[in-house]
A.B. asks: 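The structure under discussion is supplied below as structure tokens; questions concerning it will follow.
We use all heavy atoms of the structure for the numbers below, so side chains are in, but hydrogens, waters and symmetry mates are not. Within every chain, numbering begins at 1; the chains are lettered A, B, ... in the order of the sequence lines, protein sequences first and strands thereafter. What you are looking at is a predicted structure, and each value in this text was computed from that prediction instead of being measured.
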Amino acid sequence: MSTTSQVLEQSFFARPALVVARELLGKHLVRRWRNREQAVVVNEVEAYVGPHDLACHGRFGRTPRTEVMYGPAGHWYVYLCYGMHWMLNIVTDGEDWPAAVLFRGAGEFTGPGKLTKALHIDRRLNALPADEEAGLWLENRGLRVRRSQIAQTPRIGVDYAGTWKDKPYRFMLKS
DNA sequence: GCAGTGATCATA
DNA sequence: ATGATCACTGCC
């Protein structure tokens, strides 16, 4: 049993989105909000791998919204979807390469919109580094995830993405 | 199956 | 200024 708890640094995220996504399973997403701290185990993520990925927001190039994806890894990318739901992503890869991992589920919260609502996440976190000062960060608390515990499927809600809609870039912890 | 909801971006 | 689109959710 591990007693250590390591905050994930930028170097963890400055790798390909597919690698980061897989390794985020079993890590703890920690939220500090109004002097309370809540930690949930990440159990569902999706990788958006770059400008050639027809499901990735970076496919249209730099815009005000996607600018943060072109910046350094380990920063939050938060945007509003369908006028109601905040989507939480962490920027991956190197600078000038738009890629990110979407958090779809953690702890008892299933669905990206329900997760952000439960953790009080909105655009105030956009473009902030994932650290304790921001009030939202990731930790390795020593949970082991075997490859046999990971399920991989196509991503959700990207039917517009041509052949990229079928890429198995969604990673889930089997229960 | 589909309405709700509003930011974002292209077009003008 | 306008219109289309949207990495979702909840209710029919």
Side-chain angles (χ1 to χ4, degrees), chain A residues 8 12-27 29 31 33 38 40-94 96-130 134 136-138 150-173 175:
Chain A
L8 299 186
F12 178 92
F13 302 104
R15 297 181 293 161
L18 284 169
V19 175
V20 176
R22 197 166 51 230
E23 293 195 17
L24 276 174
L25 294 177
K27 300 301 189 291
L29 178 65
R31 176 63 165 142
W33 188 77
Q38 183 175 16
V40 284
V41 177
V42 177
N43 55 36
E44 183 180 346
V45 293
E46 284 175 357
Y48 291 85
V49 303
H52 58 303
D53 176 357
L54 296 183
C56 182
H57 286 175
R59 69 192 182 279
F60 296 128
R62 289 177 185 259
T63 68
R65 182 178 69 162
T66 61
E67 187 62 28
V68 62
M69 295 183 83
Y70 290 81
H75 289 238
W76 298 116
Y77 169 42
V78 182
Y79 70 94
L80 187 65
C81 190
Y82 295 102
M84 276 175 279
H85 309 293
W86 295 102
M87 299 291 108
L88 176 69
N89 303 252
I90 188 88
V91 175
T92 66
D93 291 72
D96 298 323
W97 184 263
V101 172
L102 168 70
F103 291 83
R104 293 194 59 90
E108 67 266 47
F109 309 117
T110 60
K114 288 188 277 190
L115 176 64
T116 54
K117 184 178 180 190
L119 298 184
H120 305 102
I121 289 162
D122 61 26
R123 75 169 314 135
R124 292 187 298 247
L125 283 156
N126 188 51
L128 294 182
L136 184 66
W137 67 95
L138 287 146
I150 298 176
Q152 232 179 309
T153 79
R155 294 168 293 187
I156 302 299
V158 296
D159 288 349
Y160 58 83
T163 59
W164 287 83
K165 77 173 163 52
D166 299 317
K167 303 271 188 189
Y169 289 175
R170 176 185 183 215
F171 299 86
M172 288 173 292
L173 273 185
S175 45

A.B. asks: Under a 3.5 Å cutoff on both atom distances, Watson-Crick or G-U, what's the dot-bracket for DNA chain C ([ ] crossing, | other strand)?
C.D. replies: ||||||.||||.
A.B. asks: C:dA7 phosphate, OP1 or OP2: any side-chain N/O from A:Tyr160 under 4.0 angstrom?
C.D. replies: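 Yes, because at least one side-chain N or O of A:Tyr160 sits under 4.0 Å from OP1 or OP2 of C:dA7.
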A.B. asks: Donor-acceptor pair, distance only, cut-off 3.5 Å: does the side chain of A:Asp53 make one with the backbone of A:Tyr48?
C.D. replies: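 A pair under 3.5 Å: no.
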A.B. asks: Should A:Thr63 be listed as having a side-chain N or O under 4.0 Å from OP1 or OP2 of B:dC9?
C.D. replies: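 Yes, such a contact exists.
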A.B. asks: Respond yes when some side-chain nitrogen or oxygen of A:Lys114 is under 4.0 Å from OP1 or OP2 of C:dG10, and no when none is.
C.D. replies: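 Yes, such a contact exists.
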A.B. asks: Show the nearest heavy-atom pair for residues A:Ala17 and A:Ala100, with the distance to one decimal.
C.D. replies: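 Closest heavy-atom pair between A:Ala17 and A:Ala100: CB-O, 4.0 Å.
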A.B. asks: Look at the side-chain N and O atoms of A:Arg123 and state whether any lies under 4.0 Å from the OP1 or OP2 oxygen of B:dT8.
C.D. replies: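 Result: yes.
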A.B. asks: Reckon A:Arg170 has a side-chain N or O less than 4.0 Å from the OP1 or OP2 of C:dA7?
C.D. replies: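 No, A:Arg170 has no side-chain N/O under 4.0 Å of OP1/OP2 on C:dA7.
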A.B. asks: Do you know the tightest heavy-atom contact between A:Ala55 and A:Arg155?
C.D. replies: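 For A:Ala55 versus A:Arg155, the nearest heavy atoms are CB-NH2, 3.5 Å.
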A.B. asks: Has A:His85 got a side-chain N or O lying under 4.0 Å from the OP1 or OP2 atom of B:dT5?
C.D. replies: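 A:His85 to B:dT5 OP1/OP2: no side-chain N or O under 4.0 Å.
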A.B. asks: Whole-Å distance between C:dC8 P and A:Asp159 CG?
C.D. replies: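 The distance from CG of A:Asp159 to P of C:dC8 comes to 10 Å, rounded to the nearest Å.
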A.B. asks: Ignoring hydrogens and angles, tell me if any N or O in the side chain of A:Glu46 forms a donor-acceptor pair with the backbone of A:Ile156 under 3.5 Å.
C.D. replies: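 Present.
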